[in-house]
Amino acid sequence: LPLLRQLLMEMLHEEGEHDAAFAALNRASRADLYQQTDFFFFPPSARVRSLITAMGVSARRLAHPLWLLFFIEESSLALARDLAAIGEDHELGSVEPHWLAVHQEHTHDERRHTLIDRLVFESCYGRRGRVARSVDGWMFERILKAILYPRAHGAGVRVVEQLIRDYPELASLRPTMVREIVALGRNPEFLASLLSQRLAPRAWKLFHRCPELDTLAGWIPGYA
Ligand SMILES: [Fe+2]
Ligand SMILES: [Fe+2]
């Protein structure tokens, strides 16, 4: 356990460096938007803030923060891989080199973090009681839905608003863009582009090992 604690402290330190690198990347890309804040498109809603607070309070007894961490960290590996695979022949062209470099650099730590996540998970998962297990399943589903479903005032719509500030000639498309972004929540292909066996194979396998997550089969494409 002391070793695990040390690994976690190092991981925490590295995440601080990652935050700084991504914030610097954002500022380098759009100094005008990121002058005052590191979270221009993602100011967490009151709902997400309360879920995160609940997660922090319960992290000593429950496993769902670890499912989430494992899923997010493994997904960051797929994101870097997919960005690198976008070539010149893509309709939007290849990814801007600084973005590519930061995402690539990020994977060096994240690959190791996913291994640590598993160790921490195994050290606490089996010790939870029946009540904790059902709370865990319930909490994880709430959090995943809050993260994955686009909302009328969420980050996607904020991107649309900024796009219209940058290109006012798009203003007439605003209602259509907002409607279509919100409708993505009902699009299985969209959900599968955020959580799938391909994107996070080890998290996918871990979730299936945990019976309290069986309800995910009701809305995550291909989960059952
Ligand atoms: Fe990170
Ligand atoms: Fe990490």
Side-chain angles (χ1 to χ4, degrees), residues 1-30 33-34 37-45 48-49 51-60 62-86 95-125 136 139-140 143-144 146-148 154-156 158-159 193-207 209-210 213:
L1 276 179
L3 176 64
L4 206 50
R5 181 165 302 145
Q6 194 192 333
L7 288 171
L8 275 171
M9 294 311 288
E10 282 169 16
M11 186 165 146
L12 205 61
H13 174 73
E14 286 165 356
E15 289 305 345
E17 294 177 344
H18 300 172
D19 284 354
F22 282 111
L25 182 66
N26 283 338
R27 266 193 303 280
S29 307
R30 284 297 299 256
L33 305 185
Y34 290 96
T37 173
D38 285 346
F39 300 96
F40 185 79
F41 294 110
F42 287 96
S45 63
V48 168
R49 266 203 303 272
L51 282 169
I52 291 173
T53 305
M55 201 156 61
V57 170
S58 61
R60 279 176 175 276
L62 298 176
H64 66 273
L66 292 168
W67 284 319
L68 186 67
L69 188 64
F70 191 38
F71 162 58
I72 290 176
E73 299 206 303
E74 196 183 19
S75 298
S76 75
L77 301 177
L79 175 62
R81 206 170 46 233
D82 287 351
L83 287 177
I86 296 176
V95 178
E96 199 280 330
H98 295 89
W99 279 75
L100 208 52
V102 171
H103 280 278
Q104 218 56 51
E105 182 64 30
H106 187 221
T107 61
H108 297 153
D109 290 335
E110 293 305 331
R111 206 162 282 123
R112 182 165 28 80
H113 291 181
T114 59
L115 302 177
I116 300 168
D117 296 340
R118 276 305 296 269
L119 289 175
V120 178
F121 182 83
E122 298 303 343
S123 78
C124 76
Y125 179 68
D136 255 339
M139 281 290 287
F140 188 61
I143 291 167
L144 264 192
I147 292 175
L148 301 183
R158 283 168 190 271
V159 170
S193 76
L194 302 175
L195 172 54
S196 72
Q197 186 166 20
R198 182 188 78 81
L199 292 172
R202 286 176 289 148
W204 189 265
K205 198 167 159 198
L206 182 70
F207 295 169
R209 223 184 74 195
C210 308
L213 297 183

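We count ligands from 1, going down the list as the structure has it; atoms in each ligand are counted the same way.
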Under the side chain to side chain contact (heavy atoms under 4.5 Å, CB included) test, which residues partner Gln197, sequence neighbours left out?
-> Trp204
Determine whether Met11 and Asp117 make a side-chain contact, defined as any pair of heavy atoms from C-beta on separated by less than 4.5 Å.
-> yes
What are the two closest non-hydrogen atoms of Leu195 and Phe71, and how far apart are they?
-> CD1-CE1, 3.3 Å
Listed protein N/O/S atoms, distance to the Fe ion (ligand 2) under 2.8 Å | Glu15 OE2, Glu73 OE2, Glu110 OE1, Glu110 OE2, His113 ND1
What pairs with Tyr125 under ring pair (Phe, Tyr, Trp, His ring centres under 6.0 Å), at least two apart in sequence or on another chain?
-> Phe121
Side chains of Glu10 and His13: is there a donor and an acceptor less than 3.5 Å apart?
-> no
Listed by chain and number, what are the side chain to side chain donor-acceptor pair (under 3.5 Å) partners of Gln104, not counting sequence neighbours?
-> none
